[in-house]
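Taking it in order: structure first as structure tokens, then the write-up.
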Amino acid sequence: MSNGSLTRKLGFWSALAIAVGTTIGSGIFVSSGDVAKAAGTPSISILAWIIGGVIAIPQVMVLAELSTAYPQNGSGYVYLNKAGWRPLAFLYGWATFWALDPPSISIMALAIVSYLATFFPFFSGMAGKLLGIAIILIITSIHYRSVKEGGLFQVIITAIKIIPFLIVIVLGLMYMNFDNFAYTPGPGAEKTSLIGGVSATTWAYTGMAAICFMAGEFKNPGKILPRALISSVFIVLALYTLLAVCVIGLMPFDKLMNSNAAISEAVKYIPGLSDIASSFVAVTAIIVILGSLSSCIMFQPRLEYAMAKDGLFFQRFAKVHPKYETPSFSIIIQITYACIIVCFSNLTVLLGYFTLIQLVINIMDFAAVYKCRKREDYNPIYRMPMWRLTTILAILGASWLAWGTFTWAPIQGVIAALIVIATGLPVYYYWERKYGTKNKNDSDIVA
């Protein structure tokens, strides 16, 4: 029976599956074309994928150190709070709950429905929205009833989602046309840009930090979290780079640069798969997005749980189910909110503008290590090499992504940030006056 806190039940494979499963999502199906167009040549395109993954390495190293120093649920909220930036820590969770996490669940559910509609056209309109809600509820039932069974399901679905990519890689290496790598831009073509290519890969590499939200539920976190974080980067880097090589080798580069569905079109060049390319990619996409959806439903409610334990969110979010030992109320509310957004899917575009403030706070996350290292209770089991340089590189990589997001929608992003501050700070000061600094995060660890 639960004693009111979440217990450590998850092992290394669950951690790795959550990190990899969250990172590899729907974006990979279109990003190959975006990267190729931005890079301009095959060699620069492949190099961009490699550098994009390398940039993520110092970021996960910083998180590995912070998560082993404070192996508690909540990820960035915990680190910002420990650094003494409590209002910023609250805004991190406030923005995440209202504008980022539940909307991401609804977006993925609707994406799955859109691919299912290629086989079952009647899943459109309201029927499609109801199916999206049903998918969310089915996956939620797994993670609501048991974190251990949820972890096992995540391991299985992540393993399954990688198989189609391995098929494309193996067959792509067998049937690639090496002449495609000799492509050179013609007169009047846009200049090649390594920076542009790397920028186009950045979103594809986000997601490994998901396991930090559940740091309080992994057995032996000092060993598991660094291994899972660092391993996930190299697994995703290898997978993306091999996919990029195969896609370039399969289809002419000029067609790749103008493709919005690069993997689907590349599969058409594989003998034996050309006739079923669309169906093959649709099934692959359903499995891939389902794995990401499962991961998000699993880890996202842990943030509000941690905040509620610390007196900075609605207190019921700290409730742990007495039998299932999961943050039951937090899961229910987030999923309910996500299902409502499914019915009003046009909101997802507006909510996407709130991404900028989240990225800025992520930069503060990495900077928090400077403050945390001065604390007496800072005793991480894992310490990153050359920590100052590693932290600077992590901040620069995150800043790059934030700048790219800002240039995409500068005015909307700033307005969204002001909305978060204007709505969040009054609530923060209200809860501070009502509950005070409870510092309950440290009690969120049960051996």
Side-chain angles (χ1 to χ4, degrees), residues 19-20 22-25 27-28 31-32 34-35 38-39 44-68 75-76 79-80 83 85 88 92 95-96 100 193-213 225-226 228-241 244 354-373 380 382-410 413 417:
V20 174
T22 306
T23 306
I24 302 175
I28 187 60
S31 57
S32 294
D34 294 335
V35 173
I44 294 179
S45 179
I46 295 170
L47 185 60
W49 281 107
I50 296 173
I51 294 176
V54 170
I55 287 175
I57 294 175
Q59 296 179 0
V60 299
M61 284 183 171
V62 174
L63 292 173
E65 178 170 315
L66 287 168
S67 64
T68 60
S75 188
Y79 315 142
L80 292 169
W85 300 326
L88 193 60
Y92 174 96
T96 298
L100 297 168
S193 173
L194 178 60
I195 294 177
V198 175
S199 296
T201 71
T202 311
W203 275 116
Y205 281 106
T206 58
M208 291 92 166
I211 58 176
C212 297
F213 286 87
L225 292 175
L229 283 165
I230 296 172
S231 297
S232 65
V233 175
F234 286 103
I235 290 172
V236 175
L237 192 160
L239 186 67
Y240 284 173
T241 303
F354 287 83
T355 303
L356 178 61
I357 190 172
Q358 186 73 8
L359 292 171
V360 173
I361 295 177
N362 285 347
I363 295 170
M364 299 299 294
D365 256 357
F366 300 131
V369 75
Y370 286 98
K371 297 274 287 184
C372 290
R373 274 180 168 252
Y382 168 85
R383 286 184 179 269
M384 58 182 140
M386 299 180 292
W387 76 272
R388 287 185 176 85
L389 176 60
T390 302
T391 303
I392 290 172
L393 292 174
I395 291 172
L396 289 176
S399 299
W400 192 348
L401 180 56
W403 174 251
T405 303
F406 176 77
T407 57
W408 164 64

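Atoms considered below: every heavy atom in the structure, side chains included; atoms not considered: hydrogens, waters and symmetry mates. Count residues from 1 along the sequence.
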field: Residue that, paired with Leu401, satisfies side chain to side chain contact (heavy atoms under 4.5 Å, CB included) out of Leu359, Thr355, Ile55, Ile363
entry: Leu359

message: Trp387: which residues meet the side-chain contact (heavy atoms from CB on, under 4.5 Å) condition with it, sequence neighbours left out?
response: Val369, Tyr370, Arg373, Met384, Thr391

query: Taking atom CD1 of Ile235 and atom CD1 of Ile230, what is their separation to the nearest 0.5 Å?
result: 12.0 Å

message: Can you give me the closest heavy-atom contact between Tyr92 and Gly76, atom names plus distance?
response: OH-N, 3.7 Å

message: To check you understand the geometry: which heavy-atom pair defines the closest contact between Val62 and Ala394, and what is its length?
response: CG2-CB, 3.9 Å

message: Are Val236 and Met208 packed together at the side-chain level, in the sense that at least one heavy-atom pair is separated by less than 4.5 angstrom?
response: yes

- request: Carefully, step by step, assess Trp400 and Leu396 under the rule side chain to side chain contact (heavy atoms under 4.5 Å, CB included).
  value: CA-CA 6 Å; Trp400 192 348; Leu396 289 176; over 6 Å; no

- prompt: Where is the tightest heavy-atom contact between Val198 and Thr201, given as atom of each residue plus distance?
  reply: O-OG1, 2.7 Å

message: Working to the nearest 0.5 angstrom, can you tell me the gap between Ile395 CD1 and Gln59 CD?
response: 10.0 Å

- request: Indicate yes or no: at least one non-hydrogen side-chain atom of Pro385 is less than 4.5 angstrom from one of Met61.
  value: yes

field: Shortest non-hydrogen separation from Trp85 to Met364 and the atoms involved
entry: CZ3-O, 3.5 Å

message: Using side chain to side chain contact (heavy atoms under 4.5 Å, CB included), reason through Leu229 and Cys212 one step at a time and then give a plain yes or no.
response: CA-CA 9 Å; Leu229 283 165; Cys212 297; 4.2 Å; yes

- prompt: With distance as the sole test, does Ser231 use its side chain to make a donor-acceptor pair with the main-chain N or O of Ala228 at under 3.5 Å?
  reply: no

task: Would you name the heavy atoms of Ile24 and Leu239 that are closest together and state the gap between them?
output: CD1-CD2, 3.4 Å

task: Kindly compute the distance separating CD1 (Ile392) from CZ (Arg388), expressed to the nearest 0.5 Å.
output: 9.0 Å

query: With under 30° as parallel and over 60° as perpendicular, where do the rings of Tyr240 and Tyr205 fit, or are they tilted in between?
result: perpendicular

- prompt: Looking at CD1 of Ile44 and CD1 of Ile195, how far apart are the two atoms once the value is rounded to the nearest 0.5 Å?
  reply: 11.0 Å

query: If you measure from CD1 on Ile211 to OG1 on Thr22, what distance do you get to the nearest 0.5 Å?
result: 9.0 Å

- prompt: Passes side chain to side chain contact (heavy atoms under 4.5 Å, CB included), Thr405 versus Trp203? Steps please.
  reply: CA-CA 10 Å; Thr405 303; Trp203 275 116; 3.8 Å; yes

task: Evaluate the side-chain proximity of Trp49 to Ser31: yes if any heavy-atom separation is below 4.5 Å, no if none is.
output: yes

- request: Would you indicate whether the side-chain heavy atoms of Thr241 and Ile46 approach each other to under 4.5 Å?
  value: yes

task: Looking only at non-hydrogen atoms, find the nearest pair between Thr23 and Ala204 and report the distance.
output: CG2-O, 3.3 Å

statement: d(Leu66 CG, Ser75 OG) to nearest 0.5 Å is 9.0 Å

